[in-house]
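The structure under discussion appears below in the form of structure tokens.
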Amino acid sequence: MIRLYDTARGEVVPLEPRDPGKVSMYVCGPTVYGPAHLGHGRFALVFDVLRRYLEWSGLEVTYVSNITDIDDKIIDRAAREGRAHDEVAREWEAAWWRSMEAIGVARPTHDPHATAFVAEMVALIERLIAEGAAYETDDGVYFSAEAVTDYGLLARQSIESLQAGARVEVDETKRSPVDFALWKKAKPEEPSWPSPWGPGRPGWHTECVVMSLGLLGDGFDIHGGGQDLAFPHHENERAQARALGHRFAAHWVHNGFVEVGGEKMSKSLGNFTDLDDLAARSDPRSYRLLVLRSHYRSPIEVNEGVAADASAALRRLDALARRAATWPTVPADAATLERFRERMDDDLDTPAVVDLMFRTLHRANQAADEGRVDEAAAAGAAVMEMTGAVGLELLADTGDVPAEVAALARQRDEARTARDWAAADALRDAIVAAGYVVEDTAEGTSVRPG
RNA sequence: GGCGGCGUGGCCGAGUGGCUUAGGCAGGGGCCUGCAAAGCCCCGUACGGCGGUUCGAUUCCGCCCGCCGCCUCCA
């Protein structure tokens with residue numbers, strides 16, 4: 001079974017599924033108020049890779065990722081644009097799924113929306129009040145962090161040091177600086193839902209508690225998200241669940257940030273690149289390869305040079321896929337797949353897996369060059385199996401080539417047969433100028449989109 | 001201030017007390033090719049600084065320097 005770093009325990013520990021053969025995952029999804037950037041892309045890819053690998057391993061995965069469709073930022077944007085908040089949320093949610101599709105992230109098993117669970121959230125808050133873990137103030141309902149003895153577990157800090165470090169103006173209505181809002185009473189003009197405390201909206205941290213427990217049940221296997229969610233978001237989710245006696249998530253997994261010039265990419269710093277821009281400028285699969293090249297908990301630097309690097313590496317993998325298409329169909333090399341499994345099971349060691357992919361690619365090419373076709377085929381099949389298991393689909397086909405370009409290729413073959421090299425080179429230049437890659441093969445001129 | 005992490009060859013990025021000291025990209029030489037492309041072969045002796053432990057440290061310990069993250073909305 002796979003071993004993963006657990007933020008709560010601070011070490012790599014085996015994943016022990018609650019239900020044998022099945023894995024339940026909850027990954028905090030986006031607040032839909034704007035375009036997704038590379039950071040969102042990374043978390044989506046990291047957990048997509050984990051999910052696909054678990055499925056490849058034969059486990060039945062239930063993957064839940066929510067859509068936060070009510071939040072101050074959505075309300076702000078709607079107000080600025082003079083639109084309804086739900087209209088803004090719908091627009092950006094649609095954009096989110098388009099971006100996810102562009103980078104090949106599989107759709108979650110369930111994609112619950114916060115606004116569909118408001119009644120359940122109200123019920124949960126009522127229970128927290130009844131337990132003495134929450135209290136009402138003039139502007140809302142707050143959770144009392146002191147109600148949970150190990151508050152600070154995910155932050156790996158004591159509640160005292162968290163309080164001492166509070167950098168925010170202390171809200172006078174809160175009893176403690178680390179207390180957080182469960183329910184925000186609506187000001188005039190703000191969207192609202194009815195509650196025992198008057199019209200208002202839920203705080204961010206409650207939705208994930210209700211939706212994860214509701215869809216996956218208590219003690220679900222994995223709760224994931226970006227490192228910046230560990231505290232306070234996940235800490236606060238956990239606090240609510242624990243206050244009500246739930247075990248909640250068994251395993252907490254957090255991915256590292258995307259950085260630009262050594263700094264975290266974030267909307268507030270304004271140093272972000274939209275996922276759609278990247279997908280439009282390059283083969284979106286290269287971003288997955290880029291993400292796989294680093295360990296999921298390490299920061300990754302993304303810039304033009306690094307992106308070009310990944311694109312070039314991807315071209316080699318595609319080249320192997322094309323070559324492998326001419327080899328016999330044989331089972332993938334078992335020893336290589338065993339290595340792959342070992343590396344992946346070791347806290348998702350994808351850098352080692354990329355290493356293994358390229359070594360195996362090299363082995364396949366070498367065997368083919370030396371005429372050991374079956375060995376090449378087995379190694380090639382292993383590369384395809386591994387890339388497929390982590391969601392990297394290699395392109396073995398040569399793509400669509402227009403009839404006029406194909407005609408140029410045939411003319412070039414004729415010229416080459418006639419040993420008219422000047423004509424052959426001119427035709428090749430023409431095909432390249434049209435944006436295609438030309439390669440000679442035993443069957444003649446091969447042309448594919450560049 | 002508290003907590004955590006990082007500093008590796010031109011670039012990206014793994015890893016390890018010594019042994020064959022990843023992988024990718026870029027670069028140089030060669031093979032193949034009419035010339036290319038793709039592929040193959042060969043080539044780089046790097047681990048922030050100063051001490052310490054050790055037969056031996058990039059890897060362990062201490063200190064220092066530099067950088068980053070969380071403690072606030074944030075993937």
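- Nucleotides B/G15 and B/A75 are separated by 28 Å at their P atoms, to the nearest Å.
- The pair A/Arg98-A/Asp276 fails the salt-bridge criterion, with no side-chain N (NZ, NE, NH1 or NH2) lying under 4.0 Å from an Asp/Glu carboxylate O.
- Using a 3.5 Å distance cut-off with no hydrogens or angles, the side chains of A/Glu393 and A/Thr387 do not pair a donor with an acceptor.
- Of the candidate nucleotides B/A38, B/C35, B/C68, B/C35 has the atom lying nearest to any side-chain atom of A/Arg416.
- At a threshold of 4.0 angstrom between heavy atoms, the contacts of A/Ser268 include nucleobase atoms, whether or not backbone atoms are also involved.
- In this structure, A/Glu259 reaches the sugar-phosphate backbone alone: every heavy-atom distance under 4.0 Å involves primed, P, OP1 or OP2 atoms, never a base.
- Looking at heavy-atom distances under 4.0 Å, A/Asn255 makes contact with a base.
- Using atom P as the reference point in both B/G4 and B/U8, the two lie 23 Å apart (nearest Å).
- If you take atom P in B/C43 and the same atom in B/G24, they sit 14 Å apart, rounded to whole Å.
- Residue side chain A/Asp440 reaches the base of B/C35 through a donor-acceptor N/O pair under 3.5 Å, judged by distance alone.
- If you take OH of A/Tyr436 and P of B/A36, they are 26 Å apart, rounded to a whole angstrom.
- Within 4.0 Å of A/Lys264, counting heavy atoms only, lies at least one base atom of the nucleic acid.
- To the nearest angstrom, P of B/G39 lies 9 Å from CZ of A/Arg322.
- Nearest-nucleotide positions on RNA chain B for A/Ala155 and A/Glu301 put A/Ala155 closer to the 5' end.
- Partner of A/Val390 under the side chain to side chain contact (heavy atoms under 4.5 Å, CB included) criterion, chosen from A/Leu292, A/Leu50, A/Leu289: A/Leu292.
- Nearest-nucleotide mapping onto RNA chain B: of A/Gly261 and A/Met265, the residue sitting toward the 5' end is A/Gly261.
- A salt bridge between A/Arg9 and A/Glu11 is absent, with no side-chain N of the basic residue lying under 4.0 Å from a carboxylate O of the acidic one.
- Considering only residues two or more places apart in sequence or on other chains, A/Ala134 meets the side chain to side chain contact (heavy atoms under 4.5 Å, CB included) condition with A/Leu128, A/Ile129, A/Val141, A/Leu182.
- Checked for salt-bridge contact, A/Arg322 and A/Asp318 miss the test: no charged N lies under 4.0 Å from a carboxylate O.
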Salt bridge (Lys or Arg N to Asp or Glu O under 4.0 Å) between A/Asp48 and A/Arg288, worked out: CA-CA 10 Å; A/Asp48 184 64; A/Arg288 183 180 294 258; 2.9 Å; yes
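- With P as the reference atom, B/C42 and B/C35 are 23 Å apart, rounded to whole Å.
- Ring pair A/Phe43/A/Trp96 is parallel by interplanar angle, where below 30° counts as parallel and above 60° as perpendicular.
- With hydrogens and angles left out, the side chain of A/Arg156 and the base of B/G69 share no donor-acceptor pair within 3.5 Å.
- Contact annotation for A/Val258: base contact, defined as any heavy-atom pair under 4.0 Å involving a base atom.
- Below 30°, between 30° and 60°, or above 60°: for A/Phe143 and A/Phe180 the angle between ring planes is below 30°, a parallel geometry.
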Letter per nucleotide, 5' to 3', of nucleotides 21-26 of chain B [B base touched, S only sugar-phosphate touched, - untouched; heavy atoms, 4.0 Å]: -BSBS-
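- Taking the P atoms as reference points, B/G10 lies 11 Å from B/U45, given to the whole Å.
- A/Leu154 places its CG atom 14 Å from the C1' atom of B/C3, with the value rounded to the nearest Å.
- Nucleotides B/U16 and B/C11 have their C1' atoms positioned 23 Å apart, rounded to a whole Å.
- With hydrogens and angles left out, the side-chain atoms of A/Tyr33 and A/Asp76 include no donor and acceptor closer than 3.5 Å.
- The base of B/G34 sits with one of its N or O atoms less than 3.5 Å from a complementary donor or acceptor on the side chain of A/Asp425.
- For the segment residues 229-238 of chain A, residues with any heavy atom less than 4.0 angstrom from an atom of RNA chain B are, sorted by number, A/Leu229, A/Phe231, A/Pro232.
- Residue A/Arg339 is classed as having no contact, given no heavy-atom separation below 4.0 Å to the nucleic acid.
- Among residues two or more places apart in sequence or in another chain, the side chain to side chain contact (heavy atoms under 4.5 Å, CB included) test is passed with A/Arg343 by A/Arg339, A/Asp346, A/Asp349, A/Ala352, A/Val353.
- Across all strands shown, A/Arg323 has heavy atoms under 4.0 Å from sugar-phosphate atoms exclusively, and none from any base.
- Of the C1' atoms belonging to B/U59 and B/A46, the separation is 14 Å, rounded to the nearest Å.
- B/C55 and B/C47 have their C1' atoms separated by 22 Å, given to the nearest Å.
- Rounded to an integer number of Å, the gap from CG of A/Leu269 to C1' of B/G69 is 11 Å.
- Residue A/Phe257 contributes atom CZ, which lies 14 Å from atom P of B/C68 at whole-angstrom precision.
- In this structure, A/His295 reaches the sugar-phosphate backbone alone: every heavy-atom distance under 4.0 Å involves primed, P, OP1 or OP2 atoms, never a base.
- Taking atom CZ on A/Phe272 and atom C1' on B/C73, their separation rounds to 14 Å, with Å as the unit.
- Base engagement by A/Val438 is indicated by at least one non-hydrogen atom pair under 4.0 Å involving a base atom.
- A/Gln366 has a side-chain polar atom (N or O) that falls below the 4.0 Å cut-off from OP1 or OP2 of B/C41.
- Nearest nucleotide to the A/Arg428 side chain, out of B/C35, B/C73, B/G39: B/C35.
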Bracket string, RNA chain B, 5' to 3' - pairs by Watson-Crick or G-U geometry under 3.5 Å, | interstrand: (((((((..(((.....[....))).(((((.......)))))....(((((..]....))))))))))))....
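- For the pair A/Leu314 CG and B/A38 P, the interatomic distance rounds to 15 Å; values are reported in whole Å.
- For A/Glu370, the CD atom counts as densely surrounded, since its 6.0 Å shell holds more than 12 non-hydrogen atoms of other residues, nucleotides or ligands.
- Less than 4.0 Å separates RNA chain B from at least one heavy atom of each of the following residues of residues 33-45 of chain A: A/His37, A/Gly39, A/His40, A/Phe43.
- Using a 4.0 Å cut-off between a side-chain N of Lys or Arg and a carboxylate O of Asp or Glu, A/Arg285 and A/Asp283 qualify as a salt bridge.
- A distance-only check finds no donor-acceptor pair linking the side chain of A/Ser161 to the backbone of A/Gln157 [under 3.5 Å].
- A/Ser298 comes within 4.0 angstrom of the backbone, heavy atoms only, and of no base.
- With A/Arg242 contributing its side chain and A/Asp150 its backbone, the two residues share no donor-acceptor pair below 3.5 Å.
- Atom C1' of nucleotide B/A36 and atom CZ of A/Arg448 are separated by 14 Å, given to the nearest angstrom.
- For A/Glu189, the CD atom is loosely surrounded, since the number of other residues' heavy atoms within 6.0 Å does not exceed 12.
- Under the 4.0 Å criterion applied to side-chain N and carboxylate O atoms, A/Arg77 and A/Asp71 are not assigned as salt-bridge partners.
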